[in-house]
> 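Mind looking over this structure? Questions follow.
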Protein chains: 2
Amino acid sequence: MTWLTVTSSLRKLAVIAYPEPVADHLDRVVAQWGAERPDLDVSPMEVFGRLKRLFRLVDAELNRTFAEHGLDAPSFDVLATLKRSGPPYRLTPTGLMESAMVTSGAITQRLDRLEARGLVTRTRSDQDRRSRDVELTPEGHALIDRALPAHVANEHRLLAGLDEAQKAALIEAMRALLEDLGEGSG
Amino acid sequence: MTWLTVTSSLRKLAVIAYPEPVADHLDRVVAQWGAERPDLDVSPMEVFGRLKRLFRLVDAELNRTFAEHGLDAPSFDVLATLKRSGPPYRLTPTGLMESAMVTSGAITQRLDRLEARGLVTRTRSDQDRRSRDVELTPEGHALIDRALPAHVANEHRLLAGLDEAQKAALIEAMRALLEDLGEGSG
DNA sequence: CGAGGATGCCTTAGCGCTGAGATACATTGG
DNA sequence: CCAATGTATCTCAGCGCTAAGGCATCCTCG
């Protein structure tokens with residue numbers, strides 16, 4: 001376990017802030033690079049490597065709850081975006097596209113699937129005949145009303161291990177990073 | 001901007017810790033749910049929503065640097081995993097699979113592509129004839145040696161807006177979440 | 001030893017997404 | 001009013017991944 005002897009300055013800071021963290025995959029990765037390329041400061045990997053792994057694990061956990069309701073993440077995303085937009089629960093594909101951060105082609109296909117299942121309707125807009133009004137059907141409402149509380153409970157469960165200070169710090173650091181990357185300017 | 005009047009308890013905590021954060025996409029999402037479903041505590045979305053958006057934005061940024069070196073994220077991932085494993089720069093598909101958190105089929109295909117480009121070799125193991133030894137070729141070494149410093153510099157650039165305390169808090173919170181989700185136990 | 005199960009990797013159908021491009025409609029400026 | 005440009009959506013080929021299953025090899029234990 002020679003990799004345990006290598007620690008970055010960030011790691012040491014962390015140890016001071018929160019006692020006894022367990023070595024995880026990224027500690028090993030950083031230690032390996034320390035041995036192989038000691039000339040490089042790979043400490044940013046502590047952030048981005050964990051971001052990637054966390055995203056994958058969370059994604060899998062959330063999908064399980066979606067599947068229990070006959071949904072997947074893309075479908076849930078569209079239904080939830082329509083629901084939280086409030087009355088009249090109607091958005092354009094462009095609005096959905098910006099919210100989901102996917103291309104227009106992806107939204108077209110998501111809506112094809114949801115429309116085929118009778119969960120949303122797609123009508124031509126009267127104001128702008130290029131555009132479409134996407135709206136929840138009663139079935140769509142019923143489904144998202146069932147799935148949402150389960151999803152929220154699932155998210156609470158996943159966060160149960162963090163205290164308020166950790167959550168707040170996590171949120172603020174991610175907020176800062178998002179702003180750096182141009183979020184909110186659009 | 002009625003959504004600005006709605007704030008979660010987490011949000012207020014955060015405001016105390018770091019002055020004047022700008023409202024971002026997730027603030028709006030949480031405010032919308034507050035109006036539509038005031039019975040639900042959707043504060044976990046502050047974490048998971050930002051995690052998702054951050055992952056997407058970071059992924060796009062990192063891919064740009066990979067592309068400058070004729071790579072994409074999956075290829076870079078395999079080459080970097082082999083490189084950081086140190087001499088003799090050789091791993092099995094199973095090892096690569098666990099590191100990348102993808103299925104065996106995904107690794108097979110990644111290796112097909114890299115082998116076709118002459119960046120890795122795949123030979124039968126002598127110890128276990130079911131297994132394979134995947135090894136960097138000289139061309140693979142040359143490519144990852146060029147791409148890695150650029151990638152690390154890129155990651156430093158993306159983190160430039162965070163101070164040390166924010167980085168440390170972010171890392172420790174993600175480490176705690178990863179451990180909750182079963183990382184490190186494997 | 002030899003059967004049954006475990007393991008390591010590969011194959012393949014199907015899925016959701018991207019990127020490039022097409023179409024239809026809207027807006028702007030002369 | 002019209003031409004030029006911009007905008008909203010859809011189309012489609014191609015990509016990487018998953019899930020399920022197959023094959024060869026290894027291991028365990030009666």
Side-chain angles (χ1 to χ4, degrees), chain A residues 52-53 55-57 59-64 66-67 70-79 81 90-117 119-135 186, chain B residues 52-53 55-57 59-64 66-67 70-79 81 90-117 119-135 186:
Chain A
K52 180 173 161 185
R53 293 180 82 82
F55 178 80
R56 282 185 189 282
L57 288 171
D59 207 46
E61 289 292 327
L62 299 185
N63 270 319
R64 205 165 335 151
F66 296 149
L71 287 170
D72 53 15
S75 294
F76 179 91
D77 180 57
V78 169
L79 297 181
T81 303
R90 184 190 302 151
L91 292 170
T92 63
T94 298
L96 291 165
M97 183 181 108
E98 286 163 355
S99 174
M101 304 178 78
V102 295
T103 61
S104 64
I107 291 297
T108 296
Q109 291 174 42
R110 289 183 183 189
L111 294 177
D112 287 347
R113 299 192 288 270
L114 291 170
E115 195 177 30
R117 291 180 63 184
L119 299 172
V120 304
T121 57
R122 223 176 340 185
T123 54
R124 286 234 168 267
S125 164
D126 291 331
Q127 282 71 45
D128 184 339
R129 291 185 45 75
R130 291 169 304 180
S131 188
R132 297 276 215 164
D133 288 337
V134 179
E135 194 172 326
Chain B
K52 180 173 160 184
R53 294 181 80 82
F55 178 80
R56 282 185 191 282
L57 288 170
D59 205 46
E61 289 292 328
L62 299 185
N63 269 319
R64 206 165 333 152
F66 295 150
L71 287 169
D72 52 16
S75 294
F76 179 90
D77 180 59
V78 170
L79 296 182
T81 302
R90 184 190 303 151
L91 292 170
T92 64
T94 296
L96 291 166
M97 185 181 106
E98 286 163 357
S99 174
M101 303 178 76
V102 296
T103 61
S104 65
I107 291 297
T108 298
Q109 292 174 42
R110 289 183 183 189
L111 294 176
D112 286 347
R113 299 192 289 271
L114 290 170
E115 194 177 32
R117 291 180 63 183
L119 299 172
V120 306
T121 57
R122 225 179 334 187
T123 54
R124 287 235 167 264
S125 165
D126 292 331
Q127 281 70 42
D128 184 340
R129 293 184 45 72
R130 292 168 304 178
S131 187
R132 298 276 216 162
D133 288 338
V134 180
E135 193 171 327

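Residue numbers start from 1 in every chain, and the chains themselves are labelled A, B, ... in the order their sequence lines are given, proteins ahead of strands. As the structure is a prediction and not an experimental result, all values here were calculated from the model.
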> Give one of base, sugar-phosphate or nothing for B:T103, where a contact means two heavy atoms less than 4.0 Å apart.
base

> Name the residue closer to the 5' end of DNA chain C, choosing between A:A106 and A:D128 according to the nucleotide with the nearest heavy atom.
A:A106

> In whole Å, I'd like the distance from the CG atom of A:L71 to the C1' atom of C:dG16.
15 Å

> Expressed in angstrom and rounded to an integer, what is the separation of B:R113 atom CZ from C:dT11 atom P?
14 Å

> Distance check needed: C:dG8 P versus B:L111 CG, whole Å only.
16 Å

> Atom CZ of A:R124 and atom P of C:dC25: how far apart are they, to the nearest Å?
7 Å

> Let me know the distance between CG of B:D133 and C1' of C:dC9, rounded to the nearest Å.
13 Å

> So which one's nearest nucleotide on DNA chain C is more toward 5', A:I107 or A:Q127?
A:I107

> Apply the test side chain to side chain contact (heavy atoms under 4.5 Å, CB included) to residues B:T92 and B:S125: give CA-CA distance (whole Å), side-chain angles for both, the deciding distance (0.1 Å), then the verdict.
CA-CA 9 Å; B:T92 64; B:S125 165; over 6 Å; no

> Tell me: CG of B:D126 to P of C:dG8, nearest whole Å?
17 Å

> For B:E135, enumerate each residue passing the side-chain contact (heavy atoms from CB on, under 4.5 Å) test, keeping only those at least two apart in sequence or located in another chain.
B:R90, B:T121

> Have a look at B:R56 and say if it touches a base, only the backbone sugar-phosphate, or nothing, with a 4.0 Å heavy-atom cut-off.
nothing

> Nearest to the side chain of A:Q109, which nucleotide is it out of C:dC17, C:dT12, C:dG8?
C:dC17

> Donor-acceptor pairs under 3.5 angstrom involving side-chain atoms of residues 105-113 of chain A: please list them, not counting sequence neighbours.
| from | atom 1 | to | atom 2 | distance (Å) |
| --- | --- | --- | --- | --- |
| A:T108 | OG1 | A:S104 | O | 3.1 |
| A:R110 | NH1 | A:D77 | OD2 | 3.0 |
| A:D112 | OD1 | A:R122 | NH2 | 2.5 |

> 5' to 3' on DNA chain D, which nucleotides open and close the contacts with chain A (atom under 4.0 Å from a heavy atom)?
D:dG6 to D:dC12

> Any side-chain heavy atom of B:V134 within less than 4.5 Å of one from B:L91?
no

> Rounded to whole Å, how long is the line connecting atom CG of B:L91 with atom C1' of C:dC9?
15 Å

> Output a table of nitrogen or oxygen pairs between the protein and nucleotides 20-24 of chain C separated by less than 3.5 Å.
none

> Applying side-chain contact (heavy atoms from CB on, under 4.5 Å), can you list everything that pairs with B:A73, at least two apart in sequence or on another chain?
B:N63, B:F66

> Would you classify A:T92 as touching base, sugar-phosphate or nothing, given that sugar-phosphate means primed atoms plus P, OP1 and OP2, and contacts are heavy atoms under 4.0 Å?
sugar-phosphate

> Measuring from B:D126:CG to B:D133:CG, what's the distance to the nearest 0.5 Å?
7.5 Å

> Looking at every strand, decide which applies to A:R122 at a 4.0 Å heavy-atom threshold: base, sugar-phosphate, or nothing.
sugar-phosphate

> With sequence neighbours excluded, tell me which residues meet salt bridge (charged side-chain N to carboxylate O under 4.0 Å, His left out) with A:D128.
A:R130

> Between B:N63 (CG) and C:dT18 (C1'), how many Å, whole number?
12 Å

> Tell me the salt bridge (charged side-chain N to carboxylate O under 4.0 Å, His left out) pairs involving residues 93-102 of chain A, sequence neighbours left out?
none

> Could you list the residues that satisfy salt bridge (charged side-chain N to carboxylate O under 4.0 Å, His left out) with A:R53, not counting sequence neighbours?
B:E183

> Tell me every residue that passes salt bridge (charged side-chain N to carboxylate O under 4.0 Å, His left out) with A:R124, counting only those two or more places apart in sequence or in another chain.
none

